[in-house]
Engineer: 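Structure incoming, see below.
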Amino acid sequence: MRAALAPYAASDEQSRGRRFAEPAPHYRSQFQRDRDRIVHSGAFRRLEYKTQVFVNHEGDMFRTRLTHSIEVAQIGRAVARALSLQEDLTEAISLAHDLGHTPFGHAGQDALNRCMKEHGGFEHNLQSLRVVDQLEERYAGFDGLNLTFETREGILKHCSRGNAAQLGELGERFIHGWQPGLEAQIANIADAIAYNNHDVDDGLRAGLITVAQLREVELFATAYDEVMRQHPGLTGRRLIHEIIRRMINRQVVDLLQHSEYLLATASPRTIDEVRKHGAPLIAFSGPMEAAHRALKQFLHEQLYRHFRVHRMSMKAQRMVYELYEAFFADLRLLPSDYQQRAAALEHDLGISGRARAVADYIAGMTDRFAIVEHQKLFSPSELT
Ligand code: MG
C-alpha cells in the first residue's frame, strides 16, 4: 500500500490536462500513461546509443543517456515516494528529460546551438519538449505524444525568455519566475545527483581521474574514509561502489530531510501554491549544496576538460558542423520524409524553418548513426 498523496502533489484530478482531449485511461493514472508513452517512443530507444560523457563506441560499461535516464528515474522515484508525491509523474519526467539531446552529449549540443545561432538557437530541454509535442509520429489524431501539462512542464527544465514567450502557458513560469511542480523539481535534482555520481564511476573506470584526486573532494573523501573504517584494505571495483553508494545515499537523505523542512515551513496547500512559491521547495541543505557543487566543479576541471574527452568532443563538434552545413546547403541530401518536413517548415517559417528541420534531423541521431552518416557524406570510399 502506498501512502496517500500529499495535497500539493500532482494528481489526475488537479491535472491541467492534455493538449488534445482523450478519454481517461481505465487501469492507469494519467501520469502512468505518460510514462508508458515515453517508454514506447522512438526517441527513448535512441537514448541507448547517445553519449553521456563517453562516446558509445568507447566501451560497453559506460553510462549512456538511456542508463543515465533510468538512474535519474530510480533516484527520483525514491524521493517522490518518500515525500508522498506523484511517483509516476516523477518517473515520466525523469525518463523523458534527455529525449532532445543531440548525439555526442554536450559537445554535440553546443555545436548545434552555434549552427542555429541565426535561427533561434538549439536548447536540448526545448528539443525534448519538441520531441514529445511534435516530432514523435505515433498517433492518428495528433503529432507527438500528447502528454499532460505536468509532464511537459517538468521536461522543460530551462528555457530562454525569448523561447518561453512563444510557449503559451507552459512558458509562463520562465517569464514570471514561478516554479514547476514538486515532481519536476525532484527530477531536476535527481538528474544532477545521478550524473555527478556516475561520472565519478565512469571517470575512474576510464582512468581519466583517480581515487587520490577525488579524496580532495569532500563528498568523496567522507565516503572513502567511512568505507576504509568499515572495510579496511578494500580495493578495486568494490571500493568504488561502496564509496559511490554512500555518496548517493548521503545526497538523497539530505535532499529528503531539507525538502521536508522546506515543505513544512512553506506549507503549500496545492500544486499551484508550489508553483507560485518564490523558490524551489525541493532542495539540498546549504552545506550539501556546497559539497555537491564542489564535486561538480571537480568533474568539470578534471574529467570533462580532460584532453582525451576534449579530443573526442572536438571531433564530435566537427562532425555536427559538417553534417549541418551539408544538409542546410542541400536539402536533397536528407532522407525523403525529412526533405518534405524541411520544405513544409521552410514554407511556414522561411529559412529558419529549413534550419530547424535540419537541426531536428541531426538532434535525433544516435552517436553511431551520426558517425555513419558523416562517413556516407564525406568519405570518398562510401558510395551510398
Ligand atoms: Mg540528464
Side-chain angles (χ1 to χ4, degrees), residues 34-35 38-39 41 43-56 58 62-80 87 89-113 122-132 135 147 151-159 180-203 244 247-248 251-252 255 280 282-284 289 292-293 295-300 303-304 309 313 316 363-367:
D34 280 2
R35 188 264 327 273
I38 290 158
V39 169
S41 70
F44 184 72
R45 286 193 295 282
R46 290 199 298 269
L47 294 176
E48 183 173 2
Y49 299 105
K50 291 196 182 201
T51 301
Q52 189 63 28
V53 174
F54 299 90
V55 173
N56 192 251
E58 290 180 288
F62 298 120
R63 268 67 174 188
T64 65
R65 294 240 165 244
L66 180 65
T67 59
H68 160 70
S69 299
I70 293 170
E71 289 184 32
V72 175
Q74 177 272 311
I75 292 168
R77 285 179 57 185
V79 174
E87 189 177 332
L89 172 59
T90 307
E91 184 180 17
I93 296 168
S94 301
L95 293 178
H97 83 284
D98 273 350
L99 288 181
H101 245 294
T102 60
F104 313 123
H106 284 278
Q109 119 112 18
D110 292 348
L112 200 51
N113 189 29
F122 181 89
E123 299 173 23
H124 72 263
N125 286 297
L126 198 56
Q127 189 70 9
S128 296
L129 186 68
R130 196 168 159 76
V131 167
V132 301
L135 298 180
L147 304 179
T151 302
R152 296 169 62 236
E153 170 190 51
I155 289 172
L156 193 62
K157 185 162 75 176
H158 302 293
C159 182
L182 296 169
E183 291 81 359
Q185 296 183 29
I186 290 174
N188 189 7
I189 298 189
D191 183 23
I193 296 176
Y195 69 66
N196 257 339
N197 291 285
H198 67 48
D199 287 354
V200 167
D201 188 31
D202 281 353
I244 288 175
M247 288 167 60
I248 295 177
Q251 289 169 84
V252 169
L255 181 68
I282 302 293
F284 288 129
E289 179 63 38
H292 180 84
R293 245 191 248 146
L295 175 58
K296 205 169 175 170
Q297 171 100 13
F298 171 87
L299 288 169
H300 266 279
L303 180 61
Y304 310 143
V309 173
S313 299
M365 293 179 184
T366 61
D367 296 358

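Every number for a ligand or one of its atoms is a count from 1 in the order of the listing.
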Engineer: What residues, two or more places apart in sequence or in another chain, satisfy side chain to side chain contact (heavy atoms under 4.5 Å, CB included) together with A192?
Structural biologist: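 Checked A192 against side chain to side chain contact (heavy atoms under 4.5 Å, CB included); matches are Y195, H292.
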
Engineer: Once side-chain hydrogen bond (donor to acceptor under 3.5 Å, both in side chains) is applied, do any residues pair with R130, and if so which ones, sequence neighbours excluded?
Structural biologist: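 Checked R130 against side-chain hydrogen bond (donor to acceptor under 3.5 Å, both in side chains); matches are Q134, D360.
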
Engineer: Tell me which one of K157, K50, R65, R46 satisfies salt bridge (charged side-chain N to carboxylate O under 4.0 Å, His left out) with D98.
Structural biologist: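 That would be R65.
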
Engineer: Anything protein N, O or S sitting under 2.8 Å from the Mg ion (ligand 1): count it and give me the total.
Structural biologist: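 Protein N, O or S neighbours of the Mg ion (ligand 1) under 2.8 Å, waters not counted, come to 4.
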
Engineer: Residues two or more places apart in sequence or in another chain: which of them pass side-chain hydrogen bond (donor to acceptor under 3.5 Å, both in side chains) with Q74?
Structural biologist: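 Q74: no side-chain hydrogen bond (donor to acceptor under 3.5 Å, both in side chains) contacts found.
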
Engineer: Measure the spacing between CD1 of I93 and CG of L156 and express it to the nearest 0.5 Å.
Structural biologist: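 Spacing of CD1 (I93) from CG (L156) equals 11.0 Å.
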
Engineer: Would you kindly say whether H101 and H68 are connected by a side-chain donor-acceptor distance under 3.5 Å?
Structural biologist: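 H101 vs H68: no donor-acceptor pair found between side chains.
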
